[in-house]
Amino acid sequence: MKTLEEAGISLTMSVGEVAQRGIEMELRNALEPWHVLGEEPGGGGTVRYVDSTVERLQVKVEGLNDARHVIACNGMRVPLRATGVPGEYVAGVRYRAWAAANSLHPTIGVHAPLTFDIHDEWSGRSLGGCTYHVAHPGGLSYDRMPVNANEAEARRRSRFSPIGHTAGHAPLPRPVDNPEHPLTLDLRRA
């Protein structure tokens, strides 16, 4: 029996890719459960809000030398795990995408935009990277739904930029301890 990937079916959408000096990094949307909050009185009845403010990305890196390179997101070390394919690593990044009045952690700020760096430990600099915006980077608010799949894809692609990494000398990205999910960088803990 074939897996979904072998059959050409993906449950997540590619956000974008970047390649620098033989290292390829791909970002994909990942599944993140939305927690149902407690019941509150609302207009004419009781409402249950859903906390949709937290999102997750999957980071896949190929061609990485783990003795020299580190992937960072907003200055924090992404906890990469080898997939079994030489030079290929994956991890997750959980972040606060937007602020809402009703959410689980109302005091945690928004982490967007996310800046990903391919950090070279030997030189102490970023070799390159990318930037991901949760919404349109120019603040554009669309007043209608996309008319077709091409327009929806164009809107998604406008939120990814293959430039915008941390320039100049950068300190070694700090690790964030996440004992519940050791393969996920949870920026809410940073």
Side-chain angles (χ1 to χ4, degrees), residues 10 12-21 23-35 50-62 64 69-80 89-120 124-143 145-146 151-176 178 181 183-190:
S10 176
T12 61
M13 300 194 107
S14 177
V15 171
E17 301 172 1
V18 65
Q20 288 292 329
R21 300 184 189 180
I23 301 172
E24 298 175 12
M25 181 169 49
E26 177 191 32
L27 303 179
R28 297 181 79 78
N29 289 53
L31 300 176
E32 175 67 28
W34 289 351
H35 300 285
V50 175
D51 184 6
S52 61
T53 63
V54 177
E55 294 184 10
R56 188 185 310 224
L57 288 176
Q58 171 189 298
V59 180
K60 178 181 171 187
V61 184
E62 296 177 357
L64 187 78
H69 302 112
V70 173
I71 302 297
C73 177
N74 288 6
M76 304 297 163
R77 186 183 192 121
V78 176
L80 296 171
Y89 299 85
V90 294
V93 176
R94 181 183 288 154
Y95 60 97
R96 185 78 179 268
W98 56 284
N102 294 311
S103 63
L104 287 175
H105 305 285
T107 60
I108 296 175
V110 175
H111 299 111
L114 300 178
T115 302
F116 289 89
D117 292 305
I118 303 170
H119 186 81
D120 184 357
R125 296 179 178 272
S126 175
L127 300 177
C130 58
T131 305
Y132 173 69
H133 297 268
V134 175
H136 190 279
L140 180 63
S141 176
Y142 299 103
D143 56 354
M145 298 291 287
E151 183 179 352
E153 179 67 18
R155 289 182 184 185
R156 268 192 304 276
R157 289 288 178 180
S158 71
R159 299 178 355 210
F160 177 82
S161 174
I163 58 174
H165 64 281
T166 305
H169 181 73
L172 187 63
R174 295 182 304 136
V176 176
N178 189 356
H181 305 283
L183 303 181
T184 301
L185 168 62
D186 193 342
L187 290 175
R188 299 172 307 162
R189 292 176 168 267

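Residue numbers run from 1 in the order of the sequence given.
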Using the salt bridge (Lys or Arg N to Asp or Glu O under 4.0 Å) criterion, which residues pair with [X]? Sequence neighbours excluded.
{"X": "R189", "result": "none"}
{"X": "R94", "result": "E32, D186"}
{"X": "E62", "result": "K60"}
{"X": "E55", "result": "none"}

How many angstroms lie between atom [atom1] of [X] and atom [atom2] of [Y], to the nearest 0.5 angstrom?
{"X": "R56", "Y": "H181", "atom1": "CZ", "atom2": "NE2", "result": "6.5 Å"}
{"X": "M25", "Y": "L80", "atom1": "CE", "atom2": "CG", "result": "9.5 Å"}
{"X": "R21", "Y": "L127", "atom1": "CZ", "atom2": "CG", "result": "5.0 Å"}
{"X": "N74", "Y": "H111", "atom1": "CG", "atom2": "NE2", "result": "7.5 Å"}

So, the side chain of [X] versus the backbone of [Y]: is there a donor-acceptor pair under 3.5 Å, distance only?
{"X": "R96", "Y": "I108", "answer": "yes"}
{"X": "N178", "Y": "T184", "answer": "yes"}
{"X": "W98", "Y": "S52", "answer": "yes"}

L114 pairs by side chain to side chain contact (heavy atoms under 4.5 Å, CB included) with which of L187, V15, L27?
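Testing each of L187, V15, L27 against L114, the sole residue satisfying side chain to side chain contact (heavy atoms under 4.5 Å, CB included) is L187.
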Residue that, paired with I118, satisfies side chain to side chain contact (heavy atoms under 4.5 Å, CB included) out of V70, I71, V61
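Going through the options one by one, the only one that passes is I71.
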Of all residues at least two apart in sequence or in a different chain, which pass the side-chain hydrogen bond (donor to acceptor under 3.5 Å, both in side chains) check with E26?
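E26 satisfies side-chain hydrogen bond (donor to acceptor under 3.5 Å, both in side chains) with R28 once adjacent residues are dropped.
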Kindly write out the residues that satisfy side-chain hydrogen bond (donor to acceptor under 3.5 Å, both in side chains) with E24, not counting sequence neighbours, or none if the list is empty.
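E24 satisfies side-chain hydrogen bond (donor to acceptor under 3.5 Å, both in side chains) with no residue once adjacent residues are dropped.
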State, with a plain yes or no, whether a side-chain heavy atom of [X] is found less than 4.5 Å away from one of [Y].
{"X": "R157", "Y": "S14", "answer": "yes"}
{"X": "Y89", "Y": "V78", "answer": "no"}
{"X": "F116", "Y": "V18", "answer": "no"}

Just list the side-chain donor-acceptor pairs under 3.5 Å for residues 132-142, sequence neighbours left out, or say none.
from: Y132; atom 1: OH; to: R159; atom 2: NH2; distance (Å): 2.6
from: H136; atom 1: ND1; to: G138; atom 2: N; distance (Å): 2.9

By side-chain contact (heavy atoms from CB on, under 4.5 Å), which residues pair with E151, not counting sequence neighbours?
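Expected list: R144, P146, V147, N148, R155.
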Please check if the number of heavy atoms outside R156 that lie under 6.0 Å from its CZ is greater than 12.
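Enclosed.
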Please output the side-chain donor-acceptor pairs of residues 163-174 that fall under 3.5 Å, not counting sequence neighbours, one pair per line with the distance.
from: T166; atom 1: OG1; to: D117; atom 2: OD2; distance (Å): 2.7
from: H169; atom 1: ND1; to: G124; atom 2: O; distance (Å): 3.1

Any idea which heavy atoms bring A97 and A112 closest together, and the distance?
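The pair with the smallest heavy-atom distance is O-CB, 4.4 Å.
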